[in-house]
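Reading through the structure tokens given below for one structure.
Quick caveat: nothing in here was measured; it's all calculated off a predicted structure. For the numbers below, each heavy atom of this structure counts, side chains included, while hydrogens, waters and symmetry mates do not.
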Amino acid sequence: MKRILTKICLFAAVALTVVSCLKDKDVTTYPQCAILSFSIGNITTRFYTKTHDGLSDSTYTRVIDGSTVGFNIDQLKGEIESVDSIIGWADISRVVPQITYSGQLFCKQRGWDAYYSFASGTDSVDFTHDVEFLVVSTDQQNSRIYKARLNKASLVSDSLYWTDMSDTHLSLSGLHRSIALGTRIYTFAAGGGSPTVTTLDTSDPTAWTPATALTGAASDLDILSITLFQDKFYALGADGHLYTASPETQGAEWTLADGGKTFSRLLCADKTYLYAHDGTCIVQSADLLTWTPNGTADLDQLPAAPVQSAAYNTQTHGGLQHVVMLGLNGTAEKKTSTWYKISSADNDIDQPWDHIPTPATTYVLPALDNLTMVRLGNTLLAFGGADANTGNTEKAFKTLYESADNGLTWHPYTSKKCLPEQLNEAPAQPVTAVSVGDQLWLIQSGGKVWRGIIGRQKP
């Protein structure tokens, strides 16, 4: 809000020859007219998009925590500048600064013909251009002008930008499984025999809920088998039976899901079927009552837990889905085993699972411990920790691999799409990954969390 100076203050401000009150380069010479500290409030950006049916407009917001944006104040030059550049899609046209100063504070922005009084922590400024702040001593004998700049990143197309969510207060150790449903992330941890779940609504990106003990059949669950199917969680118990939990209980209350059938392995799910291995073949079910065979070949190459998977619509038919699952096989020399199928509720179109042979190219996903795969945008991304055969951790969590052909080939990234460097500082700490809309979230044991987004003009 513009508040015009009183006639006295305006006259004084105009009459003053605006020179530095720091006449001998000693920043403490005239403390009665200086900006002592500078920070900003949260930056909220609103985006407009279409609903899934394309019939109406919808909006959503992204919030950048202003406390993570640091500023340097050069008292000699009278310049205030952000230490780092914020992401390019942020709307910086209405940013509220918090300023500690001595004297009286005024502001002038592009298009203004004079300085106007400014209320720190209340008034907003347009940082799409440099902003001038005028500080006048209370006796109106000295004044100083500061030029303030909020730097904005020039986004590189298809680059991955990371935010370290360092203030999560997340308590997490050991093996865990993370699943996204809507805007919420559910992280299940083995907990040394006392499994727990903690959740996060990504609209409040550091507010993880306290770890909650799982109840019911929880002590016998294979945490790493937990799979989301038709908006419910399913897991395999030590007795081979399937158990389920609902998001309404935050995934904490588990009950028996099937009527007696047992399985040797729970594999994955798409929007139509849940897949498991019954010891003889891959089976699928749309209702957990009727299970039908869906793959009998190369079963010795089935990936061991934790199985990584992704299911997504084909470009040609909304009723068809690509389904990819992968993980380490159980052979003496471990390799990454990838499986693929086309899924459809129409039995005449639905296909059985096929094992994809390792391609005779250099574009192979290496065998890595803690192998993780997730779909972001139109591609699959995968990464992992130590070498699964040698245990070497030198390259753990250092390379992100991308597949644009449904897991057939994997191309390593050495630039643009890179993992956070800090991941490699704890190569033995397991990491899980989930995609929430256009965001990629990494959750590492020890409570470290990163949020990534693909660089473009709008998220």
Side-chain angles (χ1 to χ4, degrees), residues 39-45 47 60-71 82-92 95 150-153 155 159-189 196-212 250-251 370 372 374 376-377 381 383 385 396-398 400 417-456 459:
S39 61
I40 59 173
N42 292 348
I43 300 175
T44 300
T45 305
F47 299 95
Y60 65 100
T61 59
R62 293 275 188 263
V63 179
I64 296 175
D65 184 354
S67 66
T68 65
V69 183
F71 285 83
S82 61
V83 177
D84 298 309
S85 299
I86 65 171
I87 196 163
W89 48 255
D91 179 4
I92 59 174
V95 179
L150 176 55
N151 292 316
K152 198 172 181 181
L155 296 183
S159 293
L160 192 54
Y161 292 85
W162 294 101
T163 300
D164 184 348
M165 315 305 290
S166 57
D167 297 325
T168 62
H169 306 293
L170 174 62
S171 177
L172 183 66
S173 62
L175 295 173
H176 57 279
R177 179 84 154 175
S178 294
I179 294 175
L181 178 58
T183 61
R184 185 169 290 276
I185 298 172
Y186 299 78
T187 296
F188 299 89
T196 61
V197 61
T198 180
T199 74
L200 173 74
D201 188 330
T202 53
S203 62
D204 190 358
T206 61
W208 288 85
T209 62
T212 301
Q250 301 299 304
N370 195 43
T372 300
V374 67
L376 184 67
L381 300 177
F383 63 91
F397 302 124
K398 281 195 172 182
L400 190 64
K417 291 180 183 175
C418 297
L419 293 168
E421 293 182 0
Q422 300 93 326
L423 279 179
N424 184 253
E425 295 175 0
Q429 297 279 41
V431 179
T432 54
V434 294
S435 60
V436 180
D438 53 14
Q439 301 175 358
L440 178 60
W441 288 76
L442 307 182
I443 302 101
Q444 186 173 34
S445 289
K448 297 179 181 179
V449 179
W450 290 267
R451 180 182 61 190
I453 190 167
I454 298 295
R456 51 184 180 268

Any side-chain heavy-atom pair from Asp438 and Ile453 closer than 4.5 angstrom?
-> yes
Is there a side-chain contact between Trp450 and Leu419 (heavy atoms, below 4.5 Å)?
-> no
Separation between [atom1] of [X] and [atom2] of [Y], rounded to the nearest 0.5 Å:
{"X": "Leu172", "Y": "Thr198", "atom1": "CG", "atom2": "OG1", "result": "8.0 Å"}
{"X": "Asp164", "Y": "Arg451", "atom1": "CG", "atom2": "CZ", "result": "11.0 Å"}
{"X": "Lys417", "Y": "Leu400", "atom1": "NZ", "atom2": "CG", "result": "7.5 Å"}
{"X": "Asp84", "Y": "Thr68", "atom1": "CG", "atom2": "OG1", "result": "9.0 Å"}
{"X": "Leu381", "Y": "Leu376", "atom1": "CG", "atom2": "CG", "result": "5.5 Å"}
{"X": "Glu425", "Y": "Phe397", "atom1": "CD", "atom2": "CZ", "result": "12.5 Å"}

Of all the heavy-atom pairs spanning [X] and [Y], show the shortest one and how long it is.
{"X": "Cys418", "Y": "Leu160", "answer": "O-CD2, 4.2 Å"}
{"X": "Ile43", "Y": "Ala90", "answer": "CG2-CB, 4.4 Å"}
{"X": "Ser82", "Y": "Phe71", "answer": "N-CD2, 3.5 Å"}

Please check this pair: side chain of [X] against backbone of [Y], looking for a donor-acceptor N/O pair closer than 3.5 Å.
{"X": "Lys152", "Y": "Ser85", "answer": "no"}
{"X": "Thr372", "Y": "Val431", "answer": "yes"}
{"X": "Asn42", "Y": "Val63", "answer": "no"}
{"X": "Ser173", "Y": "Ser171", "answer": "no"}
{"X": "Asn424", "Y": "Lys398", "answer": "no"}

Compile the donor-acceptor pairs under 3.5 Å between side chains in residues 179-187 and protein atoms, sequence neighbours left out, one pair per line.
| from | atom 1 | to | atom 2 | distance (Å) |
| --- | --- | --- | --- | --- |
| Thr183 | OG1 | Asp201 | OD1 | 3.4 |
| Arg184 | NH1 | Thr199 | OG1 | 2.8 |
| Thr187 | OG1 | Ser178 | OG | 3.0 |

Only distances under 3.5 Å count here; give the side-chain donor-acceptor pairs of residues 439-448 to other protein atoms, sequence neighbours excluded, each with its distance to 0.1 Å.
| from | atom 1 | to | atom 2 | distance (Å) |
| --- | --- | --- | --- | --- |
| Gln439 | OE1 | Trp441 | NE1 | 2.8 |
| Gln444 | NE2 | Ala426 | O | 3.2 |
| Gln444 | NE2 | Gln429 | O | 3.4 |
| Ser445 | OG | Gly174 | N | 3.3 |
| Ser445 | OG | Gly174 | O | 2.5 |
| Ser445 | OG | His176 | ND1 | 3.3 |

